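Input: a single structure, listed below in structure tokens.
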Protein chains: 2
Amino acid sequence: MEAVIKQERNLCITHILPIRDALDILSGKWKIPIIVALCVHKRRFKELHRDVQGITAKMLSKELKELELNKLVKRTVHDTSPVTVEYSITEYGHSLTPVINELRDWGMKHRDKIIYHPEEA
Amino acid sequence: MEAVIKQERNLCITHILPIRDALDILSGKWKIPIIVALCVHKRRFKELHRDVQGITAKMLSKELKELELNKLVKRTVHDTSPVTVEYSITEYGHSLTPVINELRDWGMKHRDKIIYHPEEA
DNA sequence: TGTTTTGCTTTCGTACAGGATACTAGTATA
DNA sequence: TATACTAGTATCCTGTACGAAAGCAAAACA
């Protein structure tokens with residue numbers, strides 16, 4: 001095998017690895033939407049449940065636990081009554097802002113493309 | 001409900017919608033890795049199969065079809081013998097570059113963080 | 001006393017993402 | 001004649017993501 005091709009293959013693999021790491025943490029239908037909601041403002045469970053449209057309480061609970069484990073989200077319990085729990089983005093969570101912004105920009109452009117040029121070959 | 005809160009909720013929802021659109025197209029374990037591989041260089045099926053490590057021929061075939069439907073990837077058949085098929089990124093596919101770069105940057109930082117501060121509270 | 005609210009958990013179920021393995025057709029090469 | 005390479009398909013299977021619906025404990029309100 002030629003050296004150039006070998007090099008290209010390695011380049012390809014090293015490019016993919018960190019992306020896999022990121023996807024492992026962010027993949028699924030709900031994690032990024034939850035992070036976005038919390039970036040706008042910290043929120044309580046019920047508020048999140050309302051604002052992340054379509055999610056069930058079970059999924060919300062499960063996803064929040066995983067995000068907390070990965071230090072992207074912080075959970076704070078206030079001993080009011082009934083107990084209120086507040087979820088907020090951590091500093092580390094905020095480091096995702098550029099990723100999310102790019103994703104949103106692309107999503108908006110894509111939506112425009114689909115709406116205005118739906119059937120182009 | 002206060003106007004400010006209502007406004008925040010709308011902000012939240014409009015922020016999430018385009019992200020959902022993007023995720024619908026890019027979600028799953030393989031689509032982004034395939035795109036990255038093709039961004040490095042156009043490739044034939046077997047080459048992709050080798051370079052996107054771990055993917056099965058069935059998944060590769062299926063994902064390529066979906067990417068082609070969304071105009072992110074172009075399929076070209078050369079009538080050599082045996083037939084060779086070449087996959088390449090479209091211009092539209094290249095518009096994902098900023099998203100992918102941010103995702104990779106974050107993935108690299110995350111990997112560093114895990115390796116060097118694995119158990120920080 | 002019963003209802004509401006909060007923040008979940010539990011149970012049950014389905015659908016699809018993804019994987020393992022084998023196989024195909026056409027050509028070329030040994 | 002047999003084997004290998006191309007680009008996939010076909011079958012069968014498993015795991016888990018995700019969803020619907022109900023329940024729960026503690027306090028406050030009516």
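Each chain gets a letter, A, B and so on, in the order the sequences are listed, and its residues count up from 1. Only a predicted model underlies this, so the values are computations on that prediction, with no experimental measurement involved.
- Residue A/T90 comes nearest to A/G93 through the heavy atom pair OG1-N, 2.9 Å, listed as atom of the first residue, atom of the second, then distance.
- Nearest nucleotide to the B/P82 side chain, out of D/dG8, C/dG7, D/dT6: D/dT6.
- If you check every strand for non-hydrogen atoms under 4.0 Å, B/K31 touches nothing.
- Of all nucleotides listed (C/dC8, C/dG18, D/dC18), C/dG18 comes nearest to the side chain of B/M59.
- When the P atom of D/dT6 is taken as reference, atom CD of B/E47 falls 9 Å away, rounded to whole Å.
- Comparing D/dC18, C/dC8, C/dG19 by their nearest atom to the side chain of B/T56 picks out C/dG19.
- Look at A/R43 and you won't find any side-chain N or O under 4.0 angstrom from OP1 or OP2 of C/dG7.
- Between A/I34 atom CD1 and D/dA17 atom C1' there is a gap of 13 Å when expressed in whole angstrom units.
- One distance of note links CZ of B/R20 with CG of B/L23; it measures 9.0 Å at 0.5 Å rounding.
- Residue A/R44 has no polar side-chain atom (N or O) positioned under 4.0 Å from OP1 or OP2 of C/dC8.
- We find that NZ of A/K62 is positioned 15 Å from C1' of C/dT10, with the value rounded to whole Å.
- One N or O on the side chain of B/R43 and one on the backbone of B/A37 form a donor-acceptor pair closer than 3.5 Å.
- Within 4.0 Å (heavy atoms only), B/K46 reaches at least one base atom of the nucleic acid.
- The side chain of A/Y87 places an N or O atom within less than 4.0 Å of a non-bridging phosphate oxygen (OP1 or OP2) of C/dC8.
- The CD1 atom of A/I55 sits 10 Å away from the C1' atom of D/dC18 (whole-angstrom rounding).
- Rounded to whole Å, atom P of D/dG19 lies 11 Å from atom CG of A/L60.
- Spacing between atom CG of B/D24 and atom C1' of D/dA17 amounts to 15 Å, rounded to whole angstrom units.
- Per the geometry, CG belonging to B/L23 stands 16 Å off P belonging to D/dA17, to the nearest Å.
- Considering only side-chain N and O atoms, A/S61 lies nowhere under 4.0 angstrom from the phosphate OP1 or OP2 of C/dG7.
- Atom-to-atom, CD of B/E63 to P of C/dA17 comes out at 8 Å; the value is rounded to the nearest Å.
- The backbone N or O of B/F45 lies less than 3.5 Å from no partner atom in the side chain of B/H49, so there is not a single donor-acceptor pair.
- With D/dT9, C/dG7, C/dG18 as the choices, the nucleotide that has an atom nearest any side-chain atom of B/W30 turns out to be C/dG18.
- Counting only heavy atoms from C-beta outward, the side chains of B/Y87 and B/E47 never approach each other to under 4.5 Å.
- For the atom pair CG of B/L67 and NZ of B/K31, the computed distance is 6.5 Å after rounding to the nearest 0.5 Å.
- Of the candidate nucleotides C/dT9, C/dG7, D/dT9, D/dT9 has the atom lying nearest to any side-chain atom of B/K65.
- Between A/K29 and D/dA17 there is no side-chain N or O to OP1 or OP2 distance below 4.0 Å.
- The listed nucleotides are D/dT9, D/dA7, D/dA17; the one nearest the side chain of B/F45 is D/dA7.
- Toward the 5′ end of DNA chain D lies the nearest nucleotide of B/R50, the other residue of the pair B/R50 and B/K58 mapping further downstream.
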